[in-house]
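Comments concern the structure below.
Counting starts at 1 for both ligands and their atoms, following the listed order.
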Amino acid sequence: MPAGVARAFKVFVFLACLWPGADLAYNAFWGDLGVNPVETLQRTSGESALVMLLCSLAVTPIRRVTGWNRLQHLRRMLGLWAFFYALSHLAFYVLFDQACLYWSDCQLAAIVDDVVKRKFILSGMVAFLAMLPLALTSTQGWIRRLGRRWQTLHRLAYLAGAAGAIHFVWKTKVPEPRPYAYAAVLVVLLLVRVYFSWQKRRTSTSGGHGL
Ligand code: HEM
């Protein structure tokens with residue numbers, strides 16, 4: 001992929017990631033968030049986080065299949081956008097579901113109780129907590145400091161994706177295809193990853209001849 005095309009694609013992906021947040025902010029201040037504004041904020045931020053997380057997981061398989069190595073730069077950007085939407089999603093839950101507008105209003109025990117009692121909230125929390133170390137260690141400094149352990153740590157992205165997809169499935173009371181479609185995308189990405197690591201192991205045990 002030529003450098004100019006890769007740069008233009010990166011700008012396009014950045015704008016596409018910015019779009020749901022910019023649209024929500026515009027509608028919150030000057031437009032209309034619909035009949036249930038809180039639901040709109042929660043749903044858009046949650047689904048955006050999941051979509052961007054899955055896109056970040058799709059970068060490596062696409063790069064390996066196409067050989068477009070420049071795509072790798074997108075993985076970090078997509079992961080950070082996913083975290084941004086997940087953090088906003090958590091903030092909307094704390095602000096609106098838990099009525100935690102001021103520190104004095106916050107009932108930490110009520111939040112813990114909700115996490116423990118509702119399995120759909122628990123799975124969301126697992127997804128968020130799996131994303132947190134990934135966002136914190138996404139800088140060049142941490143990549144250097146952690147070395148090979150960085151890659152191992154970043155496998156947590158699959159846990160976050162699985163917990164996010166399960167969260168969506170469990171949240172949906174009336175059956176609808178979207179949560180299952182996201183879960184299916186994640187399974188395909190996992191299978192591709194397993195295939196590549198099996199191929200790599202086979203190549204290294206056969207002396208690098210791919211036999
Ligand atoms: C931090 C802990 C989390 C909490 C407390 C939480 C809470 C919620 C709540 C209350 C809803 C229901 C919104 C509604 O229908 O009114 C929801 C929906 C959703 N959440 Fe989360 N969530 C969390 C983390 C996450 C994460 C990390 C992801 C993505 C990776 C995610 C993805 C979704 C999706 C896709 C939906 C459904 C959106 C739709 O109906 O279109 N959530 N979440």
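Taking every non-hydrogen atom of Arg178 and a distance limit under 4.0 Å, the qualifying atoms of ligand 1 come out as 41 (O). The ligand atoms of ligand 1 that sit less than 4.0 angstrom from a heavy atom of Met125 are 1 (C), 2 (C).
Taking 4.5 Å as the limit, every side-chain heavy atom of Leu53 sits out of range of all side-chain heavy atoms of Tyr85. Residues Leu122 and Val116 have side chains not in contact (no heavy-atom distance under 4.5 Å, counting atoms from C-beta outward).
In terms of protein heavy-atom proximity, atom 41 (O) of ligand 1 is closest to Glu47 OE1, 3.4 Å.
Taking a cut-off of 2.8 Å, the protein N, O or S atoms nearer than that to atom 21 (Fe) of ligand 1 are His89 NE2, His167 NE2.
Of all the listed residues (Arg43, Gln98, Arg118, Glu39), Arg43 holds the heavy atom that lies closest to atom 39 (C) of ligand 1.
If you chain together ILVMFWY residues whose side-chain heavy atoms come under 4.5 Å of each other, Leu108 ends up in a group of its own. Leu186 shares a hydrophobic cluster with Leu50, Val51, Leu54, Leu57, Tyr158, Phe168, Tyr182, Val185, Leu189, Leu190; the chain of contacts runs through ILVMFWY side chains whose heavy atoms sit under 4.5 Å apart.
Residues satisfying the disulfide (SG to SG under 2.5 Å) criterion with Cys100, sequence neighbours excluded, are Cys106.
Relative to the ring axis of Trp198, Arg201 does not place its NZ or CZ within 45° and under 6.0 Å from the centre.
The proximity of Asp97 to ligand 1, defined as any non-hydrogen pair under 4.0 Å, is limited to the side chain.
Arg76 places a side-chain N or O within 3.5 Å of a backbone atom of Ser138 that can act as its donor or acceptor partner.
Put simply, CD1 on Ile143 and CZ on Arg149 are 14.0 Å apart, with the number rounded to the nearest 0.5 Å.
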